[in-house]
Structure formats: structure tokens, C-alpha cells
Amino acid sequence: MKARAVAALLAAAVLGVAGCGDDASATGKGTVTVFAAASLTGSFTTLGKAFEAANPGVKVTLNFAGSSALATQISQGAPADVFASASPANMTSVTTDGTPATFVRNQLVIAVPKANPEGVTGLAGLAKPGVKVALCAEQVPCGAAARKAIDAAGVKVTPVTLEQDVKQALSKVKLGEVDAALVYRTDAKAASSDVDGIEFPESAKAINDYPIAVLKDAPNKTAARAFVAYVQSDKGMAVLTAAGFQEP
Amino acid sequence: MSPLLDARLTVDRGGFRLDVALTIDAGEVVALLGPNGAGKTTALRALAGLQALSGGHITLAGDSLDRTPPERRPIGVVFQDYLLFPHLSALDNVAFGPRRRGVGRHAARERAAGWLDRVGLSEYTNRKPRQLSGGQAQRVALARALAVEPALLLLDEPLAALDARTRLDTRTELHRHLAEHPGATLLVTHDPLDALVLADRLVIVEEGHVVQEGDAATITARPRTDYVARLVGLNLYRGHAAGHTVKLREGFTLTATDRLDGDAFVAFPPSAVALHPHQPDGSPRNTWPATIAGIQRHGDNLRVQLDGPIGVAADITPAAAAHLHLAAGQTVWAAVKATETRAYPAG
Amino acid sequence: MSVRAGRRVPAALLIPAGLGLMFLVLPLAGLLVRAPWSTLPQRLTEPGVLTALRLSLVTATLATVLCLVLGVPLAWLLARVEFRGRRLVRALVTVPLVLPPVVGGVALLLVFGRRGIVGQWLDSAFGVTLPFTTTGVVLAEAFVAMPFLVIAVEGALRGADTRFEEAAATLGAGRWTTFTHVTLPLVAPGIAAGAVLCWARALGEFGATITFAGNFPGRTQTMPLAVYLALETDLQAAIVLSLILLAVSVTILAALRDKWITSP
């Protein structure tokens with residue numbers, strides 16, 4: 001809430017200033033406010049700093065949360081310029097300026113504790129009795145993807161919990177409360193000191209597309225377009241693939 | 001025969017020291033009388049076990065109670081504002097003690113009903129304390145304390161919370177119940193009237209110590225402190241006697257009919273003081289000039305406070321006051337006949 | 001709301017009071033306005049809704065019972081017994097109030113989880129695991145809600161006249177009997193108020209529950225969890241679930257209030 005209020009104030013201040021002249025360069029000036037899915041926290045923080053360094057005079061304000069929460073905030077009038085969502089579904093509930101572009105994809109892996117107590121090697125291992133599994137709830141993108149992958153594998157997995165988001169599922173693995181969880185490869189990579197990510201073939205059936213778009217009511221469209229272009233540039237892609245994302 | 005209660009109570013509490021010896025016989029009612037802050041309630045709480053002793057001992061009916069917790073002492077207490085349990089009926093309040101002391105539910109209620117009947121409240125058994133008048137609550141509290149058949153009954157200012165009219169009736173009734181109580185009774189009060197009416201013997205405490213003790217007649221006749229003198233309504237002075245004269249500490253000399261030598265008290269009632277506009281001549285031996293410090297109504301008379309070589313209270317009739325045109329600040333002559341003073345040893 | 005005749009309520013009090021009330025009530029009005037009234041009946045009869053509601057009511061009630069059993073003696077200890085470190089203990093009791101519930105949930109995992117100090121032993125000795133179970137939900141709710149009970153009951157105990165307890169002692173009641181026969185009845189309204197607060201807090205509990213007990217329909221998915229997940233996909237469903245939770249809890253609290261909270 002606080003971040004939103006600050007963002008709103010900043011945006012209002014920027015509007016007042018930016019409205020005066022029309023001599024802005026292609027990258028624009030002022031602040032660009034980016035609402036990005038929680039799974040992008042690491043890479044977008046890096047990208048924001050790099051973008052600011054490459055474009056003096058532009059400041060990037062980032063707001064990370066679950067994609068659906070962000071979509072709700074935007075449709076309730078939060079002054080955002082760019083929306084980077086973890087699922088196309090959430091992108092459809094906001095009004096964009098132009099067609100959203102898929103900029104990265106994310107794939108599921110099986111996260112297991114370093115010791116891998118149950119010796120899980122693939123999806124079939126999750127169906128073994130006694131193996132405690134955490135999945136995301138189907139209402140959130142990682143849960144929907146997990147359901148698709150499990151159905152594709154034709155195994156019957158009975159999770160002990162359906163977590164609200166991928167970070168919660170991952171933390172259950174870190175704490176050793178579950179033996180395995182289906183999480184995004186990027187998340188497993190970020191937690192690689194505590195968990196191992198095991199790739200499995202069925203994840204190809206449930207790839208998550210991440211769309212990005214400039215919003216219709218963006219207060220600073222010029223800078224917003226420049227930021228979106230920067231994310232999709234080679235430099236941007238390098239940062240994202242290093243975090244475990246795949247190019248579309 | 002040794003007394004039922006034999007106690008020496010020593011309590012040290014933040015600069016205040018209570019040190020009181022008390023003995024009470026079976027069937028005897030003793031009043032612990034003293035000004036506020038004298039330590040009366042502390043003494044009562046120490047006997048009940050609610051206040052730890054710093055020293056001394058408590059022996060009741062031959063048993064030492066020094067280390068006995070309050071719930072195992074054969075003592076009943078009537079608290080100043082009664083402390084009837086608000087969530088229990090009058091009957092259950094009275095039955096509470098017997099129940100806790102092992103009497104069955106039914107028998108305890110029967111016993112409680114009997115006690116409520118004895119205090120004249122058999123129609124009020126199902127009332128909650130808030131539905132009782134002050135006098136009724138006091139009687140329930142008495143019944144509750146007596147229902148445990150205590151060897152020692154303690155009463156803390158039992159009439160203080162009542163209005164004047166109720167107090168009169170309740171005092172009479174309380175007197176009857178105390179007289180019937182076979183155990184020892186200690187009554188704590190600051191009201192001399194309660195003490196005189198209800199008690200067989202008075203123990204007067206000031207600042208944690210017993211200053212005087214005895215039956216009502218002795219104490220009213222021969223007060224030994226200013227507090228007691230005020231209680232019984234006498235002017236009291238201390239000095240050194242030689243024959244019929246007593247040289248007071250104030251430097252003034254009074255003449256008394258009693259003859260004695262050594263440290264002595266001299267007492268006389270305010271009604272013995274006569275006031276004159278001029279120095280009287282004739283019989284009174286004790287005369288002195290005095291200034292009127294204040295005048296108050298006192299019963300049918302006026303009580304005049306006088307400053308001078310000795311401070312004194314004088315009672316005069318309104319007629320005499322009118323005749324003298326008394327007013328504060330005015331100078332008059334005070335006179336006391338030697339025959340109206342009483343001198344007695346202070347040693 | 002009756003005011004004694006001739007006594008006006010000062011505006012300096014009335015205006016902030018009114019604003020305060022609006023601040024509390026307007027969000028509720030927001031929910032009511034946006035509620036999908038036309039589809040309400042069919043949404044209400046969805047099986048998951050009743051399951052979550054039943055689980056919420058059962059766990060909140062059990063958590064309140066647990067808080068009463070443990071919290072009332074704790075409050076008594078804080079109010080009636082002098083001991084070293086009492087201030088510290090009192091401060092510790094309020095920790096769950098200031099701790100973000102999610103952190104509370106993690107802390108519970110570290111103690112009662114499979115690898116936790118106590119949980120490990122429970123698992124090896126009795127084969128009992130608490131996370132992802134309904135018992136876990138009750139524990140998480142009790143952890144977060146207990147301070148409300150303890151603070152309310154301690155306040156009531158401190159406000160109660162201890163001389164009644166002394167009177168009970170002179171009548172032959174030991175400390176335990178005095179507690180059950182005198183102290184408890186005297187502070188019953190305070191305990192009831194504390195229990196209601198505790199129950200309400202347990203009913204709305206989200207963070208500690210989802211962290212410690214996870215989210216599984218029928219076992220650990222209480223109404224707040226269902227609301228949160230509904231919010232991910234379907235705002236209207238979330239509003240309906242919130243309204244159900246509100247309506248049920250307000251009804252129950254109002255019913256209890258008349259029965260309990262009126263002073264004797």
C-alpha cells in the first residue's frame with residue numbers, strides 16, 4: 001500500500017513536470033513506473049539499474065507483487081507505465097497500449113532439498129506414497145502449470161498443500177517440511193544454495209509465457225516504450241536468461 | 001485459665017512498625033480503637049493471615065497459627081465493606097465457608113439458611129448482594145463469618161459503611177450477636193461509640209502501639225493520650241505534681257483536689273470551664289486570660305476553643321455566649337474549679 | 001445512542017468519532033456494492049465454500065478453547081503472582097501481536113515443523129506431524145490470537161478487587177478453589193470479551209495459517225485462505241466469500257454479545 005502511495009505521488013509529480021515540454025528524446029525523461037510479477041524481482045531490479053545508467057534523466061520505480069494483485073491494482077487506477085505479468089490471463093484484465101509481447105518463458109522444475117531424502121528424479125517420484133509434495137494452488141499461474149504437467153505425465157500426485165504462490169511452495173522445501181515442490185526454474189535457481197531443481201520432460205507441456213506491455217493510461221509512455229524495448233534487447237535477455245528464464 | 005487468643009503482632013512495613021500484644025478470652029469482645037493509620041486494620045489482617053508477621057506469635061485455642069495460611073485458621077472476618085461475593089446469592093455467600101470447610105452442599109445450605117434466619121434475613125436468601133440494603137448486607141456478612149463457627153471473630157469497622165439511622169439499629173443487633181458468640185471477638189473501629197457499646201474491653205492503639213487498655217469506665221475517667229481525651233471529651237494535660245498543684249509542661253500551674261507527687265495527668269471536662277469578661281474574683285483557683293480561637297455548635301451548647309497559656313475547650317450555653325458577646329479573637333478569662341479537675345499518676 | 005437531556009455531545013468528539021466509524025464501515029460498503037448479487041445463490045451453494053466455512057468455524061472455536069485453557073492461567077499468573085522477569089514475560093506475550101503473521105508461521109515451522117525442535121521429537125516419538133494438518137491450523141490461529149485473550153483477561157483480573165479473594169481465603173478457600181469459585185466468576189465478563197476477540201482474530205487468521213498449515217481444501221483451507229486464492233482469479237468470488245465470512249461472524253458475535261457481554 002505504501003509503495004503504491006509513493007508511486008502515485010511520484011507519478012503525479014512527474015506528470016506535472018513532463019507536461020511542460022515536448023522536446024523529449026526517444027528514451028524520454030522522468031520516472032517510469034513498472035509493475036512486475038514477483039518472479040521477476042531479481043532480474044528486473046538489475047535491469048532497472050542498467051536502464052537508468054544507460055538513460056540519464058530517467059528513473060525506474062519498480063513494484064513487485066503477484067501478477068493478479070498487480071492486475072487488480074492497475075485496473076483500480078494505479079498509475080503504472082509498464083506491466084510485466086507472469087501469465088497472459090492477468091494481462092488480459094488490464095488495458096494496454098498496443099499488443100502485449102511475450103518476452104520470456106518460464107518452465108517448471110521439481111525442487112527438492114539438497115539431500116533429496118526421497119530420491120525424487122521425476123514426476124513419477126512425486127506419486128510415491130509418503131512423499132510430501134507442495135504445489136501452487138491452481139488459481140495462481142505456477143499451480144495451473146503444475147496441473148497441466150502432472151496431467152500430461154498421467155501420474156496421480158496428492159499434495160499436502162496448495163500454496164498461494166511459488167515462493168511459499170519453495171520455502172516449504174527449504175525448511176524441509178515437504179520432500180518436493182513444483183516451482184519455476186528461475187525460483188529454484190535463485191534458491192540453489194538450499195534446493196536442487198530437477199528438470200522433467202513433461203514441463204514442456206506447461207510453459208508459462210510472460211507478457212509485457214505499455215499500459216493505455218501510462219503517464220510516461222515514451223520512457224515506458226524505451227524500457228520495454230530495453231527488456232527485449234540482447235542486454236535485457238542476457239540478464240533474464242542468467243536468472244533461468246528462456247527466450248520465447 | 002489462659003486466654004483463648006494470645007497474640008503479639010509485629011509487622012514492619014515501609015517505615016511503619018506495628019507492635020501490639022493482644023489477649024482475648026472466650027466470649028469476650030475487645031475493641032481495637034485508634035485514629036486512622038494507627039495500624040488497627042494491619043493488626044486484624046495479621047490475625048487473619050492476610051498480612052505476614054515480621055515477628056511475634058499468634059496462639060488461638062492452644063494452637064500456634066504463626067505459619068497457618070488464612071484458609072486454615074479458625075477465624076471469621078467481617079470486612080469493612082462486607083465483600084459479599086457479587087455472583088452468589090445471600091444463601092450461597094453464607095454457605096461458602098461451610099462448603100470450603102468440608103460440609104456437604106445440602107448441609108451447608110441448611111446451615112446457611114439457619115444463620116440467615118438468626119440475623120433476620122430468611123426472606124432474602126435468594127437475593128444477590130446488589131439487591132440488599134447496606135444494613136442487610138452487613139447482616140449477611142456477619143452470618144457468613146459466623147457460619148464457619150470461628151474461634152475468633154474479627155470485625156473491621158462493621159458499621160462504618162452505614163448511614164446514621166441504619167447504624168443505630170444495626171449496632172443494637174450486632175451487640176446481641178456478639179454477646180451470643182462463644183469465641184473471642186475483636187472489633188476494629190475508630191468510632192468510640194461503637195467501641196463503648198459493643199466491647200467489654202478497649203485496646204487503644206496509636207502509631208502502631210498500645211497506648212491504653214482497659215474497660216470503658218477506666219478509659220473515660222482517666223485518658224492517657226490526647227487522642228483518648230478527645231474521644232471521651234476531656235481536656236488533658238501532663239505535668240509534674242507536688243501535693244495539690246501540678247506544674248504542666250506548658251509552664252502553667254493547675255490546682256487539683258487530688259493529692260499526689262510525681263509525673264501526673266490532669267483532666268477536666270469542657271463543661272467545667274467558665275468564661276468571664278473580666279478577671280473573676282472569689283473561689284476559682286485556676287484562672288487565666290485566654291483568646292477565643294473558634295466557636296462551634298456542640299449538642300445544645302457551644303464549644304469554645306481557647307488559646308492562652310494552655311489550650312482548652314470550654315462548653316457554654318448559647319445564653320452565656322450571647323451575654324458575653326463572644327467572637328473569635330476576643331480576650332476572656334477562663335476559670336476551672338479545682339474540684340472539677342482530676343489528677344492521676346502518669347507513670 | 002441516547003444522550004442525557006440537555007447534554008450536547010461536543011463536536012470535537014462527535015466529528016472524529018463519525019469519521020472513525022466511516023473509516024471502518026466504508027470498506028464493508030465497498031464489498032456490498034461490488035457483490036455479484038444475481039449469482040449469489042449459486043456461488044453460496046458451491047461445495048468448497050461450505051467446507052471452508054465449516055473448517056474456519058471449527059478451527060477458530062478450537063483455537064479459542066486452547067487459548068482459554070492456556071491463556072487464562074497465564075493471565076492469572078501475570079496479574080496475581082509477583083516473580084522476577086514478569087515485565088519481560090508480559091512483553092513476550094504480546095510478541096505475536098507485533099510479529100507479521102507470516103513470520104509467526106515460519107517460527108512455528110521452525111519449532112513444530114518436521115525438522116523443528118519439538119516437531120522432530122513429536123514425529124519420532126509419536127509419529128505426529130503438525131504442518132499441513134487441521135491441528136496445525138488450530139495451533140497457528142491460537143498462536144496469533146492468544147495475546148488478545150491474555151491481555152483482556154489480565155486487564156480484567158487487575159481491575160477485579162483482590163479483597164474478594166482475601167475474603168474467600170478467610171472462609172477456608174485455598175488458592176485453586178478461590179480461583180475457580182471467586183476469581184473466575186468475578187472476571188467472567190472480561191474472559192468472555194477476551195474469548196470473543198480471540199475467536200474473531202482466529203477466524204480472520206491468514207498469514208500464520210497458510211505458512212504453517214499450508215492450504216488444502218477440507219483440511220487446512222479456511223475462509224481467509226479461500227478468499228485470498230479466489231482473489232487470484234475471480235474478484236467477485238472473493239467478495240462473496242468475504243461477505244459470507246463477515247455475515248456469519250457478525251451474526252455469531254452479536255448473538256454471543258447479548259448472552260455474555262452484558263454485565264451481571
Side-chain angles (χ1 to χ4, degrees), chain B residues 41 44-51 65 68-89 92-103 105 108 111-112 115 128-131 137 140-141 143-156, chain C residues 68-69 71-73 75-77 79-84 86 149 152-196 256-264:
Chain B
T41 297
L44 178 139
R45 289 174 57 82
L47 285 170
L50 302 172
Q51 163 76 54
L65 298 185
T68 310
E71 62 267 27
R72 288 213 290 274
R73 297 188 181 199
I75 292 177
V77 186
V78 177
F79 291 91
Q80 182 167 358
D81 36 13
Y82 319 133
L83 300 177
L84 297 178
F85 303 128
H87 59 287
L88 298 180
S89 66
D92 287 331
N93 261 285
V94 179
F96 188 93
R99 279 290 286 145
R100 303 287 86 75
R101 290 175 196 231
V103 179
R105 181 188 298 266
R111 194 197 282 192
W115 275 104
K128 289 284 175 66
R130 67 173 187 283
Q131 299 167 313
V140 174
R144 187 175 70 168
L146 288 171
V148 300
E149 293 167 358
L152 172 64
L153 176 67
L154 302 172
L155 301 105
D156 190 2
Chain C
L68 282 168
V69 170
V72 172
W76 179 84
L77 200 71
R80 286 287 187 272
V81 184
E82 297 278 348
F83 58 91
R84 277 168 65 90
R86 185 163 69 160
L149 182 92
V153 175
E154 196 203 338
L157 281 168
R158 290 179 167 277
D161 193 340
T162 55
R163 294 179 313 146
F164 285 111
E165 294 169 13
E166 292 184 345
T170 67
L171 291 166
R175 263 196 147 171
W176 170 249
T177 319
T178 302
F179 177 72
T180 54
H181 283 66
V182 176
T183 314
L184 280 187
L186 280 178
V187 299
I191 293 179
V196 164
L256 288 181
R257 200 184 170 82
D258 289 342
K259 207 171 149 63
W260 280 2
I261 320 248
T262 44
S263 56

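All chains are named by letter (A, B, ...) in the order of the sequence lines, taking the proteins before the strands, and each is independently numbered beginning at 1.
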Considering non-hydrogen atoms only, spot the tightest contact between [X] and [Y] and give its length.
X: F85(B); Y: F164(C); value: CE2-O, 3.3 Å
X: R100(B); Y: A173(C); value: CD-CB, 3.7 Å
X: H87(B); Y: L186(C); value: ND1-CD2, 4.4 Å

- Item | L154(B) portion near chain C, given a 4.5 angstrom heavy-atom threshold |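 Neither the backbone nor the side chain of L154(B) comes within 4.5 Å of chain C.
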- Message: Taking every non-hydrogen pair under 4.5 Å, which of D161(C), T177(C), V182(C) racks up the most with chain B?
- Response: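 Most heavy-atom pairs within the cutoff with chain B belong to V182(C).
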- Using a 4.5 Å cut-off on heavy atoms from C-beta on, say whether the side chain of V77(B) contacts that of E166(C).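 SC-SC contact between E166(C) and V77(B) ruled out.
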- Item | Whether H181(C) and F96(B) hold their rings parallel, tilted or perpendicular, with breakpoints at 30° and 60° |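 H181(C) and F96(B): perpendicular rings.
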- Contact class of A188(C) relative to chain B, heavy atoms under 4.5 angstrom: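 Interface part for A188(C): neither.
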- Message: Check this for me: R72(B), atom CZ, are more than 12 non-hydrogen atoms of other residues, nucleotides or ligands nearer than 6.0 Å?
- Response: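 No, CZ of R72(B) has 12 or fewer neighbouring heavy atoms, counting only those of other groups under 6.0 Å.
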- Query: With respect to chain C, which residue among K128(B), E71(B), R99(B) yields the maximal number of heavy-atom pairs within a distance under 4.5 Å?
  - Reply: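 Most pairs with chain C among the choices: E71(B).
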- Task: For L171(C) and V148(B), run side-chain contact (heavy atoms from CB on, under 4.5 Å): C-alpha distance rounded to whole Å, both residues' side-chain angles, the deciding distance at 0.1 Å, then the answer.
- Result: CA-CA 7 Å; L171(C) 291 166; V148(B) 300; 4.2 Å; yes
